Number of protein chains: 2
Amino acid sequence: MSIATVSRALNGSSNVSEEARRKVTEASARLGYIPHGGARSLRTRRTNCIGAVLPDLHGEFFSELIRGIDRVARSHGLSLLLSCSHSDVDELAAALRAMQGKVDGLLVMSPHVDAEVLGVNIPRSTPTVLMNTRHDGERYVSLTVDNYGGARAMIQHLVGSGHRRIALITGPEENFDSAERLRGATDALAELLPGVHPQIVRGDFTEQSGFRAGRMLLASADRPDAIFAANDMMALGCVFALTEGGVSVPGDIAIAGFDDIPVARCVNPPLSTVRVRIAELGELALERLLRGINAAGGDTIAQQTLGTQVIVRNSCRAAAARLPMVDAELASSVVS
Amino acid sequence: MSIATVSRALNGSSNVSEEARRKVTEASARLGYIPHGGARSLRTRRTNCIGAVLPDLHGEFFSELIRGIDRVARSHGLSLLLSCSHSDVDELAAALRAMQGKVDGLLVMSPHVDAEVLGVNIPRSTPTVLMNTRHDGERYVSLTVDNYGGARAMIQHLVGSGHRRIALITGPEENFDSAERLRGATDALAELLPGVHPQIVRGDFTEQSGFRAGRMLLASADRPDAIFAANDMMALGCVFALTEGGVSVPGDIAIAGFDDIPVARCVNPPLSTVRVRIAELGELALERLLRGINAAGGDTIAQQTLGTQVIVRNSCRAAAARLPMVDAELASSVVS
DNA sequence: CTGAAAGCGCTTACAG
DNA sequence: CTGAAAGCGCTTACAG
């Protein structure tokens, strides 16, 4: 029996005699033979594997994103190769190169670098979909959360609720998401409260940086009556700082975040935030990627923006329901 | 110039003339050439990639675990290939087989199946480390959290605090972690409160199942004065159910969980729990695996158990500090 | 239905 | 220092 016949038998090719197939199956089970995926994909030019390079693998945001990606990958029988760049250009390049030849397509989220770096580290032949990544729109299919609109909507809500001294906590300076959120917030503030210059404290998306920012704002001469953090983790840290400082949230200061990570509704007080359908972002991105892979010619290059939604919970209003499970999410939600 | 020279130049081989190296580097950059990882590893028998097959990729527990694994992988310049079995035997088998030839070693967590399934789906030649997986200890290096001891310690704490009607919420029946935690709790209860038969409600590790269990326990004739859930997510759901039902935690009923996921200290009230050093579990597992890969001959087959720690927060005592950041973790912690 | 052969894209002794 | 050749483990037309 030749290795060709074995290969055919194992792959369920039709032109194999019943006896040969039986023998192969039996021997393969007995010996514990498992085909070498690397060799197979070298030959077939199919890896049945999708690569995802994310800024990080840790935390609820990425956990949700991975869940969305995994859900689609799984339904198509694909494995996931995950890597993270830790917001470092060199690590990003290394991660992208390490994927080469091991995946059928790439999902890349790199809010911290321009698409240029991607160009030199991803072969032209590798189908790629970008998520929340700054780029010129020429070359890549991309999905982006409506950071700008979401931030605007939250500012509108805060101003509409009577807040006038609204402070902002931003993410890392070079981060695309953070920059867009800041732009949306300052634009809305300029429109709604002309002449007022908001306090802006820089954070880095970690809870710790939110905690520090909260302390700074507490100590400031012109203490704000509302704080809008560029993500939920920082908003959380900020809540801790204020509570520890003896300030009531939302009694004295209202706080809002961005993302609506699962923990947002569980904390005390439940956190007002801009909801991003994180898992859906992952799902849509992979679906587009699969279309690109199968279309051979390539998908029409296109951008897509995902809408957000303002979710009002107790961290933003004094007189609200106290039970965490029954916050008035739907009643008070505002589609941006 | 031959492809051999190109290969040598690109791989930094010493026996290449400066001029050849320069030419290759230049041309490679200009053309955007990136070596094919699959082909390279077929030849070198090194993939520089580690596979991890987990029950799930979602949620804070796995997020932490992945962080630990990633930290070590990164420090060794290795990529991560992640896959999840969704607690399904067939998916587990598929995931393991898909890894074959794509990774240098395997990290497997499969608390829901016996090691037998692993035996037939992992080639003998693939270095493997098991985490929290039931097995006979013959073949695999394994790391396991001290579920039994942790559960015992928490029951000791609850009984020591005066609780007498302690209800348990378990995880999935066939889950190894869950089974061990249940065994530890019931053993400790039998010793400390002989003759008392605890109420046991089955859950499945999800927040939702904890919520349902909480409702059931509220409605029960013999309402407990403490509830010990087999993980934090269920404890969380349970807290929500009680709070919604107008019951005070911990005033009327104390609640404790297991894992100490990051959110545990942020919820209201902060959750008492059994701390598992989740990220460290991932780190240690990968470090052992790397030792196994490099030892060629294979590591000494061995088991290792990770200790746990009882963390007492507000969900377990009426008169405690109210500020989330200053819970008396260290003061009241008990090493199991 | 089966086998021999080519080839996927690399690396690496081996000879020059 | 460089090139020709073998080979990693598979799959797949091709010929029989």
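Naming: A, B, ... by sequence-line order, numbering from 1 per chain. Treat the numbers as computed from the prediction; the structure is a model and nothing was measured.
Note that OG of Ser28(B) is 8.5 Å distant from CD1 of Ile34(B), once rounded to the nearest 0.5 Å.
When DNA chain D is scanned in the 5' to 3' direction for atoms under 4.0 Å from non-hydrogen atoms of chain B, the outermost contacting nucleotides are dC1(D) to dG9(D).
With a 4.5 Å cut-off on side-chain heavy atoms, Thr133(B) and Ser142(B) do not count as touching.
Positionally, the nearest nucleotide of DNA chain D for Ala4(B) lies more toward the 5' end than for the other of Ala4(B) and Thr44(B). Between Arg8(A) and Met1(B), the residue anchored closer to the 5' end of DNA chain D is Met1(B), taking for each the nucleotide with the nearest heavy atom. Sequence order on DNA chain C of the closest nucleotides to Asn15(A) and Ile3(B) puts Asn15(A) first from the 5' end.
Within the 4.0 angstrom heavy-atom criterion, only backbone atoms of the sugar-phosphate kind lie near Ser17(A); the bases stay farther away.
Among the duplex regions that DNA chain C forms, those built from at least three successive Watson-Crick or G-U pairs under 3.5 Å are C:1-3 with D:14-16, C:5-12 with D:5-12, C:14-16 with D:1-3, ordered by first number.
Between Glu283(A) and Arg67(A) there is no salt bridge, since none of the side-chain N atoms of the basic residue sits less than 4.0 Å from a carboxylate O of the acidic one.
Counting heavy-atom neighbours within 6.0 Å of Glu174(A) CD, excluding the residue itself, gives a total above 12.
For the residue pair Asn175(A) and Arg134(A), no side-chain donor N or O sits within less than 3.5 Å of a side-chain acceptor on the partner. Between the side chains of Asp259(B) and Asn231(B), not a single donor N or O lies within less than 3.5 Å of an accepting N or O. Using modelled atom types and a 3.5 Å distance limit, the side chains of Asn132(A) and Thr144(A) yield no donor-acceptor pair.
Residues that satisfy the salt bridge (charged side-chain N to carboxylate O under 4.0 Å, His left out) test with Arg8(B), not counting sequence neighbours, are absent from this structure.
dA5(D) and dC1(D) have their P atoms separated by 23 Å, given to the nearest Å.
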